[in-house]
Amino acid sequence: MDLRFTPEERAFRQEVRTFFQENLPQEIRQKLVDGRHPSKDDIVTWQKILNKKGWAVPNWPVEWGGTGWDPVRQYIFLDELQSFPAPSPLQFGVYMVGPVIAQFGNEAQKTHFLPRIANLDDWWCQGFSEPGSGSDLASLKTKAVREGDTYVVNGQKTWTTLGQYADWIFCLVRTDATVKKQEGISFLLIDMKTPGITVRPIQTIDGGHEVNEVFFDDVKVPVENLVGQENKGWDYAKFLLGNERTNIARVGVSKQRIRRLKELAALERVGDTPILENPRFREKLAALEIELKALEMTQLRVVAAERTREKGKPDPASSILKIKGSEIQQATTELLLEVVGPYALPYVPEDEGDEPLSNEPPVGPDWAGPAAPTYFNWRKISIYGGSNEIQKNIIAKAILGL
């Protein structure tokens, strides 16, 4: 297998890089460089810029706004996006519900929802996890009972990321409790303005408001908002999660974080010596770069295999990317804490990229502030999208045949 890029692919990479340099507002980029969250307005602004260029939904079919890029060009685009760094298009729309609607939705759903997702006219959130149904997602209890032309939904979702902004939520709901748990689940699209929906914030360890609880009390959802067939939602969820786990690898993000680590380690000193020249630190950094290069090669093999993979069928190798990608991202935050040292202790919490929640001035260098909250917040990366323990079971069964 030849994993080298062709001259045409290298030229494409430069085209993407140049577009980012010329079109991404510098103040948005700087937030990401500093390890801070882009605001909702930042994400909307950037996605509209990408959509005007025709690049907001590169993974979609061409007839619904996709680019027609092969898997290699899609990989290059994502790698450049993350390592530049630039905000990703809204994951819940572009990489999650959008592909599900494009693959399994009816024509009316595609015509109505897909253009709005591409231009971020609608903000989507994900309604999968529930109290007691995290890693064992198929045990979910939120139920939808059909009454004529509507489903009546009752239950609770949790850890709903950025649900406070959402116009729509895509949900897994139980529509048949008499069959095997995976076989009685359906995939519903629910308008967040529907009466009976309550969003309650959950404050995270870094002081931010990123995740929420969402309650459904006799929420009436039109049957036309059912994606695909009733009780086939588990199949659509596996398709969605395969995409999510591949993206969670975030190789480009880790590249950018390591590049930033080197810059900061060259500035900070222990005595008269920059931390970057400390042999032990250099050993840890080199080991991390080797791990990242191995992950990148694995991702390229997965990308190459997509040319022959059955359309709509998830690749179990995405679980490998999810495990290693999350571990490497967490390792970058650990090294950043070493560089920051005592400056990591006091920090000014933010509310998801908006104005700081505190009026107190930051302590230490500006770039030191997010180090500790990012370290704690990124513990979640090995959990969401299916915990790493679950991914290991998938690898054992689907790849190793155990």
Side-chain angles (χ1 to χ4, degrees), residues 1 3 59 71-72 74-75 78-79 82 88 91-92 94-100 103-104 126-130 133-140 159 161 170 172 180-183 185 187 232-255 257 288 290-333 378-402:
M1 182 179 295
L3 298 180
N59 55 317
V72 174
Q74 290 186 38
Y75 166 81
L78 186 61
D79 186 53
Q82 293 176 346
S88 293
Q91 296 279 335
F92 308 109
V94 173
Y95 293 103
M96 296 185 188
V97 72
V100 170
Q103 180 73 19
F104 305 106
Q126 180 182 24
F128 278 20
S129 295
E130 298 184 4
S133 297
S135 295
D136 183 17
L137 180 58
S139 67
L140 62 88
W159 312 123
T161 303
F170 56 93
L172 293 182
K180 181 181 176 181
K181 58 185 181 181
Q182 288 88 349
E183 297 175 356
I185 294 172
F187 196 107
K232 293 293 184 180
W234 188 249
D235 293 335
Y236 312 147
K238 288 192 295 182
F239 171 82
L240 181 154
L241 289 170
N243 291 333
E244 182 183 8
R245 288 163 190 158
T246 300
N247 291 327
I248 286 174
R250 300 175 80 196
V251 171
V253 170
S254 294
K255 285 181 182 178
R257 299 291 286 189
L288 185 57
I290 292 169
E291 288 282 318
L292 181 58
K293 178 57 69 174
L295 175 64
E296 186 176 17
M297 293 299 101
T298 302
Q299 186 165 29
L300 285 170
R301 287 195 291 269
V302 171
V303 167
E306 286 185 15
R307 293 189 178 99
T308 57
R309 185 161 54 93
E310 180 183 342
K311 188 175 179 61
K313 184 176 181 180
D315 188 343
S318 63
S319 293
I320 299 174
L321 302 179
K322 197 275 178 177
I323 293 171
K324 292 305 299 181
S326 61
E327 291 174 351
I328 289 170
Q329 289 172 73
Q330 290 172 342
T332 64
T333 69
W378 281 22
R379 299 304 95 189
K380 69 188 179 188
I381 296 177
S382 56
I383 300 173
Y384 67 63
S387 70
N388 284 8
E389 289 74 18
I390 295 297
Q391 304 314 308
K392 292 174 183 178
N393 289 341
I394 294 173
I395 292 168
K397 181 179 179 181
I399 298 178
L400 302 179
L402 300 179

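Not measured: the values here are computed from a predicted model.
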Pair M297, L300 - check side-chain contact (heavy atoms from CB on, under 4.5 Å), show working. CA-CA 5 Å; M297 293 299 101; L300 285 170; 3.6 Å; yes

If the threshold is 4.0 Å, N to carboxylate O, is there a salt bridge linking E389 and K392?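 Salt bridge: no.
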
Classify the ring geometry of F128 against F187: parallel below 30°, tilted from 30° to 60°, perpendicular beyond 60°.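 Answer is perpendicular, since the angle exceeds 60°.
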
Reported [atom1]-to-[atom2] distance for the pair [X] and [Y], which is rounded to 0.5 angstrom:
| X | Y | atom1 | atom2 | value |
| --- | --- | --- | --- | --- |
| E291 | K293 | CD | NZ | 13.5 Å |
| D136 | E130 | CG | CD | 11.0 Å |
| I390 | I383 | CD1 | CD1 | 12.0 Å |

In the structure I gave you, are the side-chain heavy atoms of [X] and [Y] within less than 4.5 Å of one another anywhere?
| X | Y | value |
| --- | --- | --- |
| I381 | R250 | yes |
| I395 | I323 | yes |
| L240 | F170 | yes |
| D235 | K238 | yes |
| Q74 | V303 | no |
| L292 | K255 | yes |
| I320 | I399 | yes |
| W159 | Q126 | no |

Would you say [X]'s side chain and [Y]'s backbone share a donor-acceptor pair under 3.5 angstrom?
| X | Y | value |
| --- | --- | --- |
| Q299 | L295 | no |
| K181 | L140 | no |
| S382 | S326 | no |

Should T161 and Q91 be marked as a side-chain contact (heavy atoms from CB on, under 4.5 Å) after you check the CA-CA gap, both sets of side-chain angles, and the distance that decides it? CA-CA 11 Å; T161 303; Q91 296 279 335; over 6 Å; no

Search all heavy atoms of [X] against all heavy atoms of [Y] and return the closest pair with its distance.
| X | Y | answer |
| --- | --- | --- |
| Q82 | V253 | CB-N, 3.4 Å |
| S319 | I394 | OG-CG2, 3.6 Å |
| Q182 | A138 | CG-CB, 3.8 Å |

Are R379 and T333 linked by a side-chain donor-acceptor pair shorter than 3.5 Å?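 Short answer, yes.
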
So, S254 and R257: side-chain donor and acceptor under 3.5 Å apart, yes or no?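 Not at all, the side chains of S254 and R257 share no donor-acceptor pair under 3.5 Å.
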
Other residues, nucleotides and ligands only: do more than 12 of their heavy atoms fall within 6.0 Å of CH2 on W234?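 Yes, CH2 of W234 has more than 12 neighbouring heavy atoms, counting only those of other groups under 6.0 Å.
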
Show the numbers, then the answer: is there a side-chain contact (heavy atoms from CB on, under 4.5 Å) between W378 and T332? CA-CA 10 Å; W378 281 22; T332 64; 4.0 Å; yes

